[in-house]
Amino acid sequence: MADNDTMSKLISLCKRRGFVFQSSEIYGGLKSAYDYGPLGAELKRNIMGEWWKSMVHEREDIVGIDASIIMKKDVWQASGHLAGFSDPLVDCLVCKERFRADKAPSVEIGTDCDIVFADKGRAKVAMESFEKQGITGLSRSKKTISGAKAERNYVCPNCGSPFLSAEKNFNLMFKTSIGPVDNKNDMVEMFLNNKDCSKEELLQKIYDIENKSAVYLRPETAQAMFVQFNNVMQSMSMKLPFGIAQQGKSFRNEITVEHFIFRSCEFEQMEMEFFCYPEQSAEMLDYWKDQRLNWYIERLGVKQENLRLRKHDEDELAHYSDNCYDVEYLYPWGWDELEGIASRTDYDLKKHEKHSGQKLRYFDPERENPETGKKGVHLTPYVIEPAAGATRATLMVLLDAFDEEEGVDGKEGRTVLRFAPRIAPIKVAILPLVKKDGMPEKAREIVKQFVAKGINCKYDEQHAIGRRYRRHDEIGTPFCLTVDTQTMEDNTVTIRYRDDMRQERIAIDKVVKVIEDKLV
RNA sequence: GCGGGUAUUGCUUAGUGGUAAAGCUCUAGCCUUCCAAGCUAGCGACGAGAGUUCGAUUCUCUCUACCCGCUCCA
């Protein structure tokens with residue numbers, strides 16, 4: 001499904017049926033924050049549960065952790081996030097473009113620049129504005145204004161203008177402070193004692209006060225796995241190669257948020273750091289990229305043709321990475337990222353080793369130490385990181401499952417969410433055909449059997465049977481069990497399948513087993 | 001952050017300078033024995049704030065949120 005309406009239909013369905021709501025909606029909504037409703041919460045949990053099962057429970061070589069969201073400033077200094085997140089941004093005073101100073105076209109200071117406008121009308125207006133401001137030496141030819149002198153070693157990438165705002169730092173990490181004492185008093189005190197300071201000096205002093213208690217919400221879950229490397233390895237006696245996995249919320253002050261829950265400031269990640277011998281890293285990257293792609297197809301039931309692997313170009317690689325693949329999905333707006341599988345080399349462990357002064361190494365008693373020629377060597381493992389977005393995966397699963405069927409023979413069409421049964425929010429609906437003749441009681445007995453097995457089921461007697469089927473189609477319930485007159489006689493029920501609306505009769509004492517088998 | 005668009009009940013839409021209509025949904029009841037049936041009754045909305053006005057959901061401004069396209073995405 002990739003037509004333009006799909007997103008709006010899905011967003012509407014998500015709200016109507018309790019998958020996703022706008023955050024703080026009754027107060028007008030909060031930008032890019034979403035709440036998961038009863039069914040959305042189930043769906044997301046199921047997806048994350050599948051990930052945990054296949055990454056942690058089914059593997060001897062990977063263990064899971066659950067680290068705190070608030071982490072010390074030092075962690076982000078070491079990881080490069082505090083520096084990397086504060087890219088100097090500049091606004092163009094002519095065309096209002098905002099851009100990164102370090103990525104703008106470079107020029108020599110003092111050269112004449114051509115400012116190019118979309119049309120000569122705009123150029124004329126701008127020319128008049130320059131003249132009003134008393135800027136001289138400019139000349140206009142059609143839609144280009146020439147003669148402006150570059151004052152810095154770069155110009156606006158959009159229009160070529162050298163008229164630019166000051167460089168401003170934008171830190172994409174959420175900053176907060178720890179401790180109950182508000183530091184505003186310290187700041188006022190500081191202002192009163194430093195009335196003669198320049199703006200820059202005051203700013204620096206504010207930062208100093210702020211930094212005393214500053215902590216950051218993690219912008220990724222990965223760093224905890226590096227920081228706790230020694231503790232995990234030692235407590236669990238891990239042998240190389242091994243992995244540490246984690247799921248949880250991360251936070252980024254994104255400049256732009258878009259596409260519903262695709263990119264939001266608060267999001268949920270499923271990350272795993274796989275530590276290996278340096279010479280294994282290429283092989284492991286290869287292994288994990290295929291492993292992860294197949295997970296979506298085999299475990300989440302996503303259509304193969306909607307998924308692909310894309311290798312990053314050299315210039316696309318992050319500073320810590322020497323090779324990277326993205327698992328991409330064909331969203332309604334085109335191919336876009338779902339998960340990144342990056343080769344992070346020994347960058348992170350080395351960085352934290354340097355900043356913390358603590359050794360973050362693996363001791364291999366079998367390997368020969370090249371310096372001494374004896375057995376036993378300390379080494380810094382290389383890392384392969386499959387980093388998936390749980391929030392993104394939830395959106396992807398919803399899109400992939402979304403289907404609208406035309407009605408045949410004059411009957412109404414239906415909307416179906418074709419989730420893989422194992423991740424469906426409700427696994428089975430138990431429906432009495434009518435609300436009498438002992439059918440509700442019989443149905444509730446069946447409910448008890450499923451509850452006892454921990455299978456999420458729902459009893460539903462509201463409205464006509466056909467409507468109930470359609471409602472469960474729309475929320476992706478794969479199986480409906482219907483109690484009817486015959487049930488009261490021979491203890492069999494109808495099982496009705498979501499995908500093809502087929503019906504079969506099965507004995508009540510077999511239903512739990514039958515459904516269980518279909519959920520594996 | 002820029003440009004364009006949108007905002008009326010849970011959903012989809014109508015409409016008006018004198019506070020609003022419909023369908024679906026939902027709730028209660030009746031009736032119903034397998035794919036959104038029917039009947040009766042009921043709940044329920046003009047995103048927020050300011051201005052103009054006797055009176056604003058409607059006009060103006062600001063804000064907020066969402067959508068589309070750029071930009072950004074360590």
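Quick note on labels: first sequence line is chain A, next is B, and so on, each numbered from 1. Note that the structure is predicted; figures quoted are calculated from it, not measured.
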Rounding to a whole Å, what distance do you find between [X]:[atom1] and [N]:[atom2]?
X      : N     : atom1 : atom2 : result
A:E25  : B:A7  : CD    : P     : 16 Å
A:M7   : B:U6  : CE    : C1'   : 16 Å
A:L481 : B:C34 : CG    : P     : 18 Å
A:W333 : B:G69 : CH2   : P     : 10 Å
A:E405 : B:C35 : CD    : P     : 15 Å
A:K436 : B:G29 : NZ    : C1'   : 14 Å
A:I465 : B:C31 : CD1   : P     : 19 Å
A:R468 : B:A37 : CZ    : P     : 11 Å

Could you tell me which residues satisfy ring-ring contact (aromatic ring centres under 6.0 Å, His included) with A:H259, sequence neighbours excluded, listed by chain and number? A:W333
Which base, if any, makes a Watson-Crick or G-U wobble pair with [N], both distances under 3.5 Å?
N     : value
B:U19 : none
B:G69 : B:C2
B:C61 : B:G49
B:A28 : B:U40
B:A14 : none

What nucleotide, of [options], holds the atom closest to the side chain of [X]?
X      : options             : value
A:V434 : B:U32, B:C11, B:C66 : B:U32
A:S12  : B:C72, B:C34, B:C11 : B:C11
A:M501 : B:C72, B:C35, B:A65 : B:C35
A:Y469 : B:C66, B:C35, B:U71 : B:C35
A:K435 : B:A36, B:C35, B:U32 : B:U32
A:R470 : B:C66, B:A36, B:A37 : B:A36
A:I11  : B:A65, B:C34, B:C67 : B:C67

Looking for any heavy atom pair under 4.0 Å, which part of the strands does [X] touch: base, sugar-phosphate only, or nothing?
X      : result
A:L13  : nothing
A:D437 : base
A:Y497 : nothing
A:Q22  : sugar-phosphate

I need the full list of salt bridge (charged side-chain N to carboxylate O under 4.0 Å, His left out) pairs touching residues 385-398 of chain A, with sequence neighbours left out, sorted by first then second residue. A:E337-A:R392, A:R344-A:E385
Using atom [atom1] in both nucleotides, what's the gap between [N] and [M] to the nearest angstrom?
N     : M     : atom1 : result
B:G47 : B:A7  : C1'   : 6 Å
B:U71 : B:C35 : C1'   : 49 Å
B:C67 : B:U8  : P     : 14 Å
B:G49 : B:C68 : P     : 28 Å
B:U58 : B:A48 : P     : 10 Å
B:G18 : B:U57 : C1'   : 12 Å
B:U9  : B:A20 : P     : 15 Å
B:A45 : B:U53 : P     : 30 Å

Would you mind building the protein contact string for nucleotides 21-26 of chain B? One character per nucleotide, 5' to 3', B for base within reach (heavy atoms under 4.0 Å), S for sugar-phosphate only, - for untouched. ----SS
For residues 260-270 of chain A, which side-chain N or O atoms pair as donor and acceptor with protein atoms under 3.5 Å away, sequence neighbours left out?
residue: A:R263; atom: NH1; partner: A:E258; partner atom: OE2; Å: 2.5
residue: A:S264; atom: OG; partner: A:E266; partner atom: O; Å: 3.1
residue: A:E266; atom: OE2; partner: A:K249; partner atom: NZ; Å: 2.8
residue: A:E268; atom: OE1; partner: A:K44; partner atom: NZ; Å: 2.8
residue: A:Q269; atom: OE1; partner: A:T221; partner atom: N; Å: 2.9
residue: A:Q269; atom: OE1; partner: A:S250; partner atom: OG; Å: 2.8

Is any side-chain N or O of A:K31 closer than 4.0 Å to OP1 or OP2 of B:U64? no
Among residues at least two apart in sequence or on other chains, which ones pass side-chain contact (heavy atoms from CB on, under 4.5 Å) with [X]?
X      : answer
A:H463 : A:R467, A:R471
A:V512 : A:Q449, A:F450, A:K453, A:E516
A:K448 : none
A:A33  : A:S23, A:L30

Under 4.0 Å between a Lys/Arg side-chain N and an Asp/Glu carboxylate O for [X] and [Y]?
X      : Y      : value
A:E405 : A:R418 : yes
A:R468 : A:D460 : no
A:D517 : A:K510 : no

Please write out each protein N/O paired with an N/O of nucleotides 42-47 of chain B under 3.5 Å, distance rounded to 0.1 Å.
none

Inspect the surroundings of NZ in A:K513 and state if more than 12 heavy atoms from other residues, nucleotides or ligands are less than 6.0 Å away. no
Do A:T494 and B:C34 have a side chain to base donor-acceptor pair shorter than 3.5 Å? yes
Using a distance-only criterion (donor-acceptor N/O pair, under 3.5 Å, no hydrogens), is the base of B:C35 paired with the side chain of A:R414? no
Do A:R310 and A:W335 meet the cation-pi criteria used here (NZ or CZ under 6.0 Å from the six-membered ring centre, within 45° of the axis)? no
Can you pull out the residues from residues 259-272 of chain A that lie within a 4.0 Å heavy-atom distance of RNA chain B? A:H259, A:F260, A:R263
Residue list, side-chain hydrogen bond (donor to acceptor under 3.5 Å, both in side chains) with A:D346, at least two apart or on another chain: A:K350
Check: residues 430-446 of chain A side-chain donor-acceptor pairs under 3.5 Å, at least two apart:
residue: A:K442; atom: NZ; partner: A:N491; partner atom: OD1; Å: 2.9

Residue mapping more 5' on RNA chain B - nearest nucleotide basis, A:D484 or A:A464: A:D484
Taking atom types as modelled, find out whether A:T482 and A:D484 have a side-chain donor-acceptor pair closer than 3.5 angstrom. no
